[in-house]
Number of protein chains: 2
Amino acid sequence: MLFVDFMLLSSACVYGLRASVYLASVSDDSYVSITKISEELDISRHFLTKVLQKLTDNDIMESMKGPKGGVRLTRPGDEIVLLEIVAAIDGMDILTECALGLPGCGTAKPCPIHDQWADTRDEIRQMLTETTLRNLVDRGKAGNLRLTEEGEFKWA
Amino acid sequence: MLFVDFMLLSSACVYGLRASVYLASVSDDSYVSITKISEELDISRHFLTKVLQKLTDNDIMESMKGPKGGVRLTRPGDEIVLLEIVAAIDGMDILTECALGLPGCGTAKPCPIHDQWADTRDEIRQMLTETTLRNLVDRGKAGNLRLTEEGEFKWA
DNA sequence: CCGTAAAAAGACAAAATACTCCTTAATCTA
DNA sequence: TAGATTAAGGAGTATTTTGTCTTTTTACGG
Ligand code: FES
Ligand code: FES
């Protein structure tokens, strides 16, 4: 995709989220090949492969090799919250680190921005914890929302 | 500083914020040399110079060359909000871009996460808009809070 | 006017992130 | 068992961010 300045989530994380939503939307127990996902979502196949490996390593997805192989979610979409995916790919830094980059937020003496940042951080955490893949799929299907740049994506 | 994973703000932005808070804390109208700031805050002098240039370009600071030169804030600390500094250095991307990296958030057809993200984004914006440099200085002085890694910093 | 101190500007180096390509291992089908 | 298909693994490239270094410009102080 490229040309993205500074965002909340890394590109890898965004790809992981979109792939997870996609898998939750097809929702039968069959494996879907990463090639298929990358084509549907217009993401580099090789890069997506690496990203999804992190999700299989973290037991959010499971994979099978060979013909008819691919990846699938280990649990139904309403049992997977966004925070799990973000944590698996980007780590928890955004929810634990000091806004001024000082080491040991929460344990060491705070910085002047700590109180405000802690509150804001909680809002982010809450959003990522309360939103499930199922929520996004339901909303996406109901409003025929966009999951790719061009919006040519068709919900299952 | 190094080794920072994925954060809300870039390193450059964090340095700019810390330098701004420092300048607001000394608060007389004299210029402070960037060398002095970099030593007080333990930030690379050359890198900080480049960061502060963005702030002078955006009329948040003004500078003077030569002996007795340096930088200072253009306005008192209670008239400068954090958002100005963040916008000058990192841009407004974090407050305008789609959480899933799709182009045209707000104008184009939304993505499934848009509603939640828009709310969270507003919280971030509100925090950055309501907090002034003066707020941080007051809090920092009152609690002798930390502005450097080691916490050896002394408020004026 | 001269020397010095400081920011500005620009070239360069290192590290992290984003992305590509090739090989290997596993699994299915015939 | 052989061939095809697909994920996994690893090496390599490109771009951005971070950081360093050197030179130039501007202002002060004598
Ligand atoms: S110490 Fe800075 S945000 Fe917690
Ligand atoms: S379109 Fe994705 S957050 Fe607005």
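This structure is a prediction, so every number in the text was calculated from the model and none was measured. Here is the naming used below: chain letters follow the sequence lines, and residue numbers restart at 1 for every chain.
Distances shorter than 4.0 Å separate none of the side-chain N or O atoms of Y15(A) from OP1 or OP2 on dA18(C). A sub-4.0 Å separation between OP1 or OP2 of dA7(C) and a side-chain N or O of T56(B) is absent. Between Q53(A) and dG9(D) there is a side-chain N or O to OP1 or OP2 distance below 4.0 Å. Residue S11(A) places at least one side-chain N or O under 4.0 Å from the OP1 or OP2 atom of dA18(C).
Of the inter-residue distances, the one linking I89(B) atom CD1 with S20(B) atom OG reads 6.5 Å to the nearest 0.5 angstrom. Rounding to the nearest 0.5 angstrom, the gap separating the CG atom in D78(B) from the CZ atom in R134(B) is 5.5 Å.
Proximity note for H46(B) (side chain, C-beta onward) versus dT22(D), dT20(C), dA6(C): the nearest is dT22(D). The side chain of M64(B) lies closest to dA27(D), out of dT20(D), dT18(D), dA27(D). Ranking dT20(D), dA18(C), dA7(D) by closeness to the S44(B) side chain, first place goes to dT20(D). The side chain of K50(A) approaches dA11(D) more closely than any other nucleotide in the set dA11(D), dA7(C), dG19(D). Of the candidate nucleotides dA7(C), dA4(D), dA5(C), dA5(C) has the atom nearest to the side chain of P67(B).
If you measure from atom CZ of F47(A) to atom P of dA14(D), you get 16 Å, rounded to the nearest angstrom. Rounded to a whole Å, the CG atom of L52(B) is 8 Å from the P atom of dA8(C). Remark: P of dC21(D) and CZ of R45(B) are 10 Å apart, rounded to the nearest angstrom. Rounded to a whole Å, the CD atom of E39(B) is 10 Å from the P atom of dA6(C). Note: CG (L9(B)) to P (dT18(D)) measures 11 Å, nearest angstrom. Distance, L55(B) CG to dA8(C) C1': 15 Å, rounded to whole Å. Separating the OH atom of Y31(B) from the C1' atom of dA27(D) is a distance of 11 Å, rounded to the nearest angstrom. Distance K54(B) NZ to dA7(C) C1': 17 Å, rounded to the nearest Å.
Atom NZ of K141(B) has more than 12 heavy atoms from other residues, nucleotides or ligands within 6.0 Å.
Residue K65(B) is the one, among K65(B) and A12(A), whose nearest nucleotide of DNA chain C lies closer to the 5' end (criterion: closest heavy atom). The residue among K68(A) and T35(B) whose nearest nucleotide of DNA chain C is located toward the 5' end is T35(B).
A distance-only check finds a donor-acceptor pair linking the side chain of N58(B) to the backbone of K54(B) [under 3.5 Å].
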Point to revise | V86(A) vs L95(A), side-chain contact (heavy atoms from CB on, under 4.5 Å): CA-CA, chis, key distance, verdict | key: CA-CA 10 Å; V86(A) 172; L95(A) 296 178; over 6 Å; no
